[in-house]
2 protein chains.
Amino acid sequence: MGDKPVKNMDEFAALSGISRPTISKYFNDPNSVRASTRQKIETALAGYDYRPNIYAINQNRRLTKNIGIVVPYLADPFFAEIARMLERRCFEAGFTPSVFSSHGETSNEKAILDTLRSIKPAGVLLAPLGRLSDITYLKDFCADVPTVLFDSNIEGVGAAFIGSDNRSFVSQTIEYMSRTGDAPCLFEMRNPANPNANKRRHAYVEMMKRLGLDPQIVAIDGTGWAFEEIGRQGALKLLRDNLLPTNSVLCSNDRLAIGFLSACHELGIKVGRDAGCTLRLASHDDHPYSRFTCPALTTAAHDYESVSSHAVETLFRLIDAGGKLKRREETLFAARLIMRASA
Amino acid sequence: MGDKPVKNMDEFAALSGISRPTISKYFNDPNSVRASTRQKIETALAGYDYRPNIYAINQNRRLTKNIGIVVPYLADPFFAEIARMLERRCFEAGFTPSVFSSHGETSNEKAILDTLRSIKPAGVLLAPLGRLSDITYLKDFCADVPTVLFDSNIEGVGAAFIGSDNRSFVSQTIEYMSRTGDAPCLFEMRNPANPNANKRRHAYVEMMKRLGLDPQIVAIDGTGWAFEEIGRQGALKLLRDNLLPTNSVLCSNDRLAIGFLSACHELGIKVGRDAGCTLRLASHDDHPYSRFTCPALTTAAHDYESVSSHAVETLFRLIDAGGKLKRREETLFAARLIMRASA
DNA sequence: ACATTTATTTTACGCGCGTAAAGTTTTTTT
DNA sequence: AAAAAAACTTTACGCGCGTAAAATAAATGT
């Protein structure tokens with residue numbers, strides 16, 4: 001990098017001995033100019049401190065190179081992880097990703113969509129809040145901006161959805177638990193905000209019936225995104241009052257399970273498959289912390305890699321196609337069972 | 001919100017019956033125009049779908065309303081939390097915050113600073129990587145862009161630093177542990193990337209000496225930001241080989257402690273202050289997950305509220321002052337001891 | 001009611017770059 | 001070496017808005 005600051009493209013063009021339109025062409029695609037020309041430009045670039053004004057660029061381009069990445073709750077390491085992978089992939093493809101978090105609130109999600117409109121992004125990767133989303137608002141947005149949904153599906157919204165196959169999660173955990181011990185009851189929130197939770201419940205009921213077993217659902221109260229605390233309080237109550245129908249428990253997701261384990265420890269209940277343990281606990285998501293819980297959580301893992309790469313690829317395809325796909329696509333990736341000490 | 005889309009400010013000015021320069025003034029500060037004029041504009045705004053083009057605005061303004069928020073590792077819920085608070089406060093003040101994560105890598109941190117330069121932000125709130133930061137690069141950046149550091153201090157970089165008082169953390173945990181049992185050894189990484197770790201070590205040694213006790217430091221190997229795994233591996237080795245000098249352990253931070261607890265559970269070592277426990281463990285940071293560990297972690301909590309509000313206030317003051325403060329400011333907030341079951 | 005202050009309108013220019021058109025040079029093709 | 005194709009230069013316009021200056025209008029003070 002050079003040090004002498006250059007104000008604008010005209011000045012840089014003069015300094016490099018190349019005309020401004022060619023310089024402009026170079027910055028849009030370095031390979032679109034002759035090799036000898038590119039060489040001259042890059043030599044000049046090394047000697048002077050010039051970078052094109054991004055605002056002037058975006059004002060004049062019909063489409064920016066911005067990509068919005070929206071997650072419902074960034075303080076959840078699961079979403080932080082996937083946002084990071086999406087971000088990296090967009091960046092590698094020459095786009096400028098920006099990460100936004102709805103922080104679990106409808107108003108924030110809407111405000112983010114407004115912000116996104118104003119930055120005129122080439123496309124958006126959106127993991128919606130789910131039940132708390134303003135569906136009409138999302139739909140209007142997706143009608144104007146090329147959008148791919150991930151994690152939580154909302155029927156008919158966005159040009160595509162990429163996520164995990166909840167039936168695959170549940171069938172693997174149930175199969176494993178019922179093979180190695182009692183079949184589990186399902187521990188979940190009564191009114192889950194996330195549509196995946198509903199799909200998991202349905203899959204649980206269906207799978208249990210198929211195995212000729214009696215589905216038993218334990219629903220706990222609580223709202224918001226503090227799942228650990230909700231799981232903990234719910235479990236404390238259940239365990240104290242001895243309301244658990246089985247000694248095998250399947251949590252709808254790992255964050256609830258983390259709270260559940262916390263309650264077990266407080267009450268002196270040993271969890272695991274070892275002798276001396278009175279409870280087995282499994283869960284879903286393979287949350288980044290699930291291997292550090294006590295005991296480590298047996299869980300079904302998302303295929304992070306596939307979800308993120310396919311989501312990004314789909315978005316690029318959507319952008320190339322001018323914002324419309326022939327029909328709405330839905331892609332689900334299977335889970336992978338991770339056996340640890342808790343079940 | 002109206003529905004008829006309006007292309008530009010000229011068109012909107014005509015529709016609202018107000019001249020364009022006044023409309024421009026209104027969007028820069030709605031209170032800078034007469035109440036009756038504001039009324040007319042807002043009526044028109046309700047009837048039409050117009051929003052100023054942010055790229056045209058920022059091209060012409062000397063200073064944008066953008067604020068960059070940079071954290072070293074967003075997948076760490078601690079940073080996710082503080083980023084969220086900073087973000088909200090900037091937004092409330094009428095700025096447009098953008099959150100970036102260095103993901104623990106020098107190259108990313110530098111790339112983020114480059115990106116920030118190109119969006120010409122009014123100011124930046126930066127939590128640097130620490131030892132891995134390219135100091136010269138940071139310094140150059142801070143010379144051009146009004147920047148306030150938080151969390152990790154780097155001497156002489158940025159116009160101000162706002163963080164937590166590491167001595168306050170350590171003195172409280174040591175005082176508590178040595179009052180209620182044996183004085184603790186310090187469990188930490190051998191080459192911590194974060195400068196706070198070094199400050200905590202110094203504070204530990206000083207505090208122990210002051211109490212007439214023998215400081216004992218247990219340093220474990222490991223690099224990167226996977227602190228839980230590093231703590232876990234380190235603890236497994238120490239516990240198996242019986243190398244721990246005391247049965248009271250003070251972890252440099254909660255994430256190491258989470259790994260430590262995981263190792264204890266695996267080896268069947270009971271942690272806590274109850275009868276039957278053979279080890280006490282305390283830590284620092286009050287990580288969002290520290291109350292869900294088994295047992296729940298006794299830790300020293302950051303004053304998140306004060307740090308974030310003071311950081312933002314300082315940045316605004318810096319911006320108002322034109323990017324320079326009389327002298328570099330350093331503000332530290334005291335910790336608050338959170339007693340839980342682990343010690 | 002008049003002078004004074006404050007707000008608005010009119011006019012006009014500039015920001016930095018995308019991009020189109022026409023002409024010129026360089027490279028590739030045969 | 002001539003013809004064709006590709007890349008480049010020159011010229012010029014437009015994007016949507018900030019902002020300055022001068023003229024005009026409205027609100028405020030006495």
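No hydrogens, no waters, no symmetry mates; every other heavy atom, side chains included, goes into these values. Everything numeric here is computed off the predicted structure, so don't read it as measured data. Residue numbering restarts at 1 for every chain, and letters A, B, ... go by the order of the sequence lines.
Distance, B:N31 CG to C:dT8 P: 12 Å, rounded to whole Å. One atom, CZ of B:R61, and another, C1' of C:dG14, lie 17 Å apart when rounded to the nearest Å. Rounded to whole Å, the distance from CG on A:N8 to P on D:dC15 is 21 Å. To the nearest angstrom, C1' of D:dG16 lies 20 Å from NZ of B:K25. One can place OH of A:Y55 at 14 Å from C1' of C:dC15, the figure rounded to the nearest angstrom. Distance NZ (A:K7) to C1' (C:dG14): 10 Å, rounded to an integer number of Å. Straight-line distance from the CG atom of A:D10 to the C1' atom of C:dG16: 8 Å, rounded to whole Å. For the pair A:Y26 OH and C:dC17 P, the interatomic distance rounds to 15 Å; values are reported in whole Å.
When distances are taken from the side chain of A:M9 to each of D:dA7, C:dC17, D:dC17, the shortest belongs to C:dC17. With distances taken from any side-chain atom of A:N60 to the nucleotides D:dT9, D:dC15, D:dG18, the minimum falls on D:dC15. Checking D:dA26, D:dC17, C:dT9 against the side-chain heavy atoms of B:S19 singles out C:dT9 as nearest. Closest contact between the side chain of B:P21 and the listed nucleotides D:dC17, C:dT19, C:dT9 involves C:dT9. Ranking D:dC8, D:dC17, C:dT8 by closeness to the B:A56 side chain, first place goes to D:dC17. Proximity note for B:I57 (side chain, C-beta onward) versus D:dC8, D:dG18, C:dG18: the nearest is D:dG18.
The phosphate of D:dC8 (OP1 or OP2) has a side-chain N or O of A:T37 nearer than 4.0 angstrom. When the side-chain nitrogen and oxygen atoms of B:S24 are compared with OP1 and OP2 of D:dT19, none of them lie within a distance under 4.0 Å.
A donor and an acceptor atom, one from each side chain of A:S101 and B:R84, are nowhere located under 3.5 Å apart.
When heavy atoms are screened at a 4.0 angstrom cut-off, B:Y50 is found touching the sugar-phosphate backbone but no base atom. Residue A:P52 is classed as a sugar-phosphate contact, given heavy-atom separations below 4.0 Å to backbone atoms only.
In this structure, B:A35 and A:S36 both approach DNA chain C, and ranking their closest nucleotides by distance from the 5' end singles out B:A35.
Of the residues B:I154, B:N153, B:T314, the one that meets the side chain to side chain contact (heavy atoms under 4.5 Å, CB included) test with B:F161 is B:N153.
Between the side chain of B:R20 and the base of D:dG18 there is at least one donor-acceptor pair of N/O atoms closer than 3.5 Å. With hydrogens and angles ignored, no donor-acceptor pair under 3.5 angstrom links the side chain of A:N28 to the base of C:dG18.
Classified by interplanar angle (parallel below 30°, tilted 30° to 60°, perpendicular above 60°), the ring pair A:Y50/A:F12 is parallel. Between A:H310 and A:F333, the two ring planes are perpendicular [angle over 60°; tilted spans 30° to 60°].
Ring centroids of B:F78 and B:Y73 are separated by 6.0 Å or more, keeping the two rings apart.
Under the rule for a salt bridge (charged side-chain N to carboxylate O under 4.0 Å, His left out), A:E11 has no partner lying at least two apart in sequence or in another chain.
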